[in-house]
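Shown next, in structure tokens, is the structure this report addresses.
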There are 2 protein chains.
Amino acid sequence: MSKKKEDLLEHAEDLFYKHGFHSVGLKRVVKEANVALMTLYNHFDSKEDLILEVLKRREKKYFSYLESSVIKPKNNSIALSLAEANIRWIRLHETNGCMFLRAKEEFSSDSNQEIVRYVNEHKKSLIRFFEKLNFDHCESTRLALLFEGATALSEILNVDDVARELIHSIEHLFEK
Amino acid sequence: MSKKKEDLLEHAEDLFYKHGFHSVGLKRVVKEANVALMTLYNHFDSKEDLILEVLKRREKKYFSYLESSVIKPKNNSIALSLAEANIRWIRLHETNGCMFLRAKEEFSSDSNQEIVRYVNEHKKSLIRFFEKLNFDHCESTRLALLFEGATALSEILNVDDVARELIHSIEHLFEK
DNA sequence: ACCTTTATATAGAACGGTCATTATATTTAT
DNA sequence: ATAAATATAATGACCGTTCTATATAAAGGT
């Protein structure tokens with residue numbers, strides 16, 4: 001992977017997450033990434049192609065983040081350590097909601113079918129990820145619901161308050 | 001309130017919710033509402049003014065919807081009837097997430113401070129609404145987390161599955 | 001009833017700006 | 001010398017907003 005391409009993906013992710021996909025122009029992306037506009041088009045077919053690759057990159061990071069937190073579940077239950085990992089993930093980034101859902105919201109299916117399909121698939125992958133950790137389908141859906149809630153609410157309240165209620169809910173809903 | 005203004009607000013809400021605020025141009029709004037462009041600017045100062053009035057209108061509808069469901073709590077606990085009302089609200093509209101959060105996400109504070117401030121205030125109002133129903137602050141925050149989660153997850157899964165897990169969570173977390 | 005006023009809605013063009021994308025031509029590295 | 005990155009400008013489309021000029025319709029006074 002070219003360093004320039006890496007820079008582009010990095011700054012594009014940042015800008016799109018902070019301000020939205022339609023609000024950020026490509027000129028702004030290349031300026032922030034210190035790259036010429038033609039270099040962007042050398043690496044990506046179009047803006048929407050860039051967005052798709054940004055999402056794929058972010059998905060990889062997110063899942064490996066969750067996975068690494070499960071390996072060492074210390075004394076906690078798996079659900080709890082997953083919740084704590086999710087809170088840490090929220091803390092890492094600006095609190096602007098779920099980037100995947102935001103992509104789906106900005107690109108309705110008639111505007112860019114591929115992005116919408118990818119986001120749907122991503123969320124289903126998350127639920128399947130829970131199921132592979134031996135949660136049944138209902139529990140996995142419930143976990144997803146709680147995580148989405150925590151991500152969304154962190155846009156408004158400070159993360160500590162959100163974390164407290166997430167942990168509380170997990171402890172009462174998932175006792176091993 | 002002029003009928004034309006009403007039409008504009010109605011169709012603007014629809015389009016903005018379906019496709020996003022930056023994705024929808026004013027020409028599209030006036031065409032959908034069967035109104036001349038100048039009529040829009042006769043009733044609203046700017047696009048962002050229109051957006052703000054759309055949000056205020058929607059907030060009124062949402063809160064009166066929640067309130068009306070609490071008056072007749074039948075046998076259910078208040079938390080449960082609120083959850084069911086929220087599910088009904090989700091079913092009423094297309095499932096494209098929370099319009100208020102989406103507004104905040106598309107207008108970062110440096111882009112339009114007023115919209116961001118309004119959305120923050122709206123969510124705090126929701127929590128205060130729960131507190132007035134005698135939930136303590138933690139419980140109110142938890143309710144908000146669950147509702148946000150249900151709204152977000154309904155963008156991907158069908159509402160029945162989401163409703164089942166929301167109800168389950170409420171029943172186990174809020175026994176009277 | 002008739003005229004005048006006032007407010008509101010209309011269509012359409014124009015403005016300046018930004019957008020994604022493409023073309024051209026030059027420079028920088030390996 | 002081959003490939004990658006650069007700077008710059010052009011394209012055509014769309015954006016929010018404003019201007020102009022016309023049409024409609026209700027209201028009030030005579």
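All chains are named by letter (A, B, ...) in the order of the sequence lines, taking the proteins before the strands, and each is independently numbered beginning at 1.
- Taking side-chain N and O atoms only, A:Lys47 has a distance below 4.0 Å to OP1 or OP2 of C:dA20.
- Rounded to an integer number of Å, the gap from CD1 of A:Ile51 to P of C:dC19 is 14 Å.
- Take the nearest nucleotide of DNA chain D for A:Lys3 and for B:Ser23: the residue whose nucleotide is more 5' is A:Lys3.
- For the pair A:Ser2 (side chain) and A:Lys4 (backbone), a donor-acceptor distance under 3.5 Å is present.
- Side chain of A:Tyr17 to backbone of A:Asn96: a donor-acceptor contact under 3.5 angstrom is found.
- Checking the phosphate oxygens (OP1, OP2) of D:dA5, a side-chain nitrogen or oxygen of A:Ser2 falls inside 4.0 Å.
- Closest-nucleotide positions on DNA chain C for B:Thr39 and A:Leu37 were compared, and the one nearer the 5' end corresponds to B:Thr39.
- Counting to the nearest Å, the P atom of C:dT8 and the CG atom of B:Leu8 are 15 Å from each other.
- The interatomic distance linking A:His43 (NE2) with D:dA4 (C1') rounds to 8 Å, in whole Å.
- Distance CE (B:Met38) to P (D:dT24): 19 Å, rounded to an integer number of Å.
- For A:Asn42 and C:dT24, the CG to P distance is 16 Å, given to the nearest whole Å.
- Remark: B:Leu126 CG to B:Leu143 CG distance equals 8.5 Å, nearest 0.5 Å.
- With respect to A:Glu155 and B:Lys123, no salt bridge is recorded, no charged nitrogen being found less than 4.0 Å from a carboxylate O.
- Between the side chain of A:Glu106 and the backbone N or O of A:His22, at least one donor-acceptor pair lies under 3.5 Å.
- If you check every strand for non-hydrogen atoms under 4.0 Å, A:Val30 touches nothing.
- Paired runs in DNA chain D that reach 3 or more consecutive Watson-Crick or G-U pairs, where each pair keeps both distances under 3.5 Å, cover C:1-26 with D:5-30.
- Atom NZ in A:Lys31 sits roughly 10 Å away from atom P in C:dC19 (whole-Å rounding).
- For the pair B:Phe21 CZ and D:dC15 P, the computed distance is 17 Å after rounding to whole Å.
- One interatomic measurement links the two molecules: CG of B:Leu26 to C1' of D:dT18, which rounds to 13 Å at whole-angstrom precision.
- In this model, the phosphate group of D:dC15 is not approached by any side-chain N or O of A:His22 to a distance below 4.0 Å at OP1 or OP2.
- Checking the phosphate oxygens (OP1, OP2) of C:dT10, a side-chain nitrogen or oxygen of B:Lys4 falls inside 4.0 Å.
- Between A:His43 atom NE2 and A:Asp7 atom CG the span is 9.5 Å, to the nearest 0.5 Å.
- Side chain of A:Asn158 to backbone of A:Asp161: a donor-acceptor contact under 3.5 angstrom is found.
- For B:Lys27, whose side chain is taken as the heavy atoms from C-beta onward, the closest listed nucleotide among D:dA5, C:dA14, D:dT18 is C:dA14.
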